[in-house]
Each structure stands twice: as C-alpha cells, then as structure tokens.
Amino acid sequence: MSTTQTELWNSPSFTIERIEGQAPRTVIYRITGSFNARDMYGSMKQVALGNIFEFKPLPGTETPALHIFDISKVPQMDSSALGTIVSHFISCRNKGIRVVVVGPNPNVIQLFKFTKVDTLLPMAATIEDALGS
C-alpha cells in the first residue's frame with residue numbers, strides 16, 4: 001500500500017505534513033521544528049491554523065479512525081501549539097476518531113504535565129506503538 005503525503009505548512013523553521021498511514025484509516029501529522037505561536041501566526045491566520053488538521057476524505061473513501069501527531073522532531077512547544085492539538089483531539093473525540101501523540105521529548109512532556117494534558121492526550125513512543133494501542 002502506498003502512502004500519500006501532503007505538505008500542510010512549510011517555513012524555514014517549521015513544517016507540518018499530513019501522511020496517509022499504511023495502516024487502514026490512519027492519518028499521520030508529522031510536525032518538525034519549534035511549534036510555537038511566533039512561527040505559527042507569522043505565516044498563517046489563527047483561524048486557518050485551528051482548521052489545519054481538519055479535512056474531508058475523498059469521495060468513496062472512509063473517514064480516518066486514527067490521527068497520529070508525530071512530534072518526535074519538535075524540540076519545544078508553547079501553549080498555543082498545545083491548544084491547537086487539544087482542540088483537534090476534542091473535535092476528533094466527538095466524531096469517534098482516536099488521536100495519539102507520538103514521540104514527545106522531555107521538554108514537551110514537561111509542558112503536558114504542567115498543563116495536565118498528559119492525562120487527556122494518549123501518548124506513545126513510536127508510530128508502531130500508537131498503532132498497537
């Protein structure tokens with residue numbers, strides 16, 4: 001099975017890619033670089049950013065059942081970025097779609113714990129672990 005990759009955002013210091021996972025009905029959002037308000041809002045309006053992870057499947061295809069946020073290449077994240085992920089998580093939960101955050105580094109885990117998001121967002125070490133959870 002081939003994968004389709006779409007670049008949702010590309011700047012010199014920050015990228016977001018949407019990849020159709022090889023597992024059925026799985027979408028992977030690969031985020032690279034510092035995920036913070038300065039980089040996000042400098043290139044995109046806040047409303048557009050809030051909707052960046054929303055999409056409709058092609059006609060005749062099933063809605064993804066699992067969204068994976070691969071943040072293994074995110075050295076740091078601020079509360080605006082965290083809010084974007086939490087908003088998407090809540091939207092997905094209301095639609096019956098699972099969301100798993102993959103590969104957070106110690107700085108990001110500390111932010112999750114400080115904001116108590118670690119009790120809300122499911123996390124896994126790798127994409128393979130997220131598929132098995």
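- Residues V27 and L66 form no side-chain contact, since every pair of their non-hydrogen atoms from C-beta on lies 4.5 Å or further apart.
- In this structure, H88 has its ring center closer than 6.0 angstrom to the ring center of F69.
- Under a 3.5 Å cut-off, the side chain of N105 and the backbone N or O of P75 do form a donor-acceptor pair.
- Side chain of R30 to backbone of I16: no donor-acceptor contact under 3.5 angstrom is found.
- Atoms CD1 and CD1, from I127 and I68 in turn, are 6.0 Å apart once rounded to the nearest 0.5 Å.
- Looking at D78, its side chain does come within 3.5 Å of a backbone N or O of A81 through a donor-acceptor pair.
- With sequence neighbours excluded, no residue satisfies side chain to side chain donor-acceptor pair (under 3.5 Å) with T32.
- R93 contributes atom CZ, which lies 10.0 Å from atom CG of L121 (distance to the nearest 0.5 angstrom).
- Residues Y29 and I19 fail the side-chain proximity criterion, which asks for heavy atoms closer than 4.5 Å.
- With hydrogens and angles ignored, the 3.5 Å screen pairs no side-chain donor or acceptor of S87 with any backbone N or O of T84.
- Legend: residues meeting side chain to side chain contact (heavy atoms under 4.5 Å, CB included) with T115, ordered by chain and number and at least two apart, are L82, L111, V117.
- Here the side chains of F35 and S80 are not in contact, with every heavy-atom distance at 4.5 Å or above.
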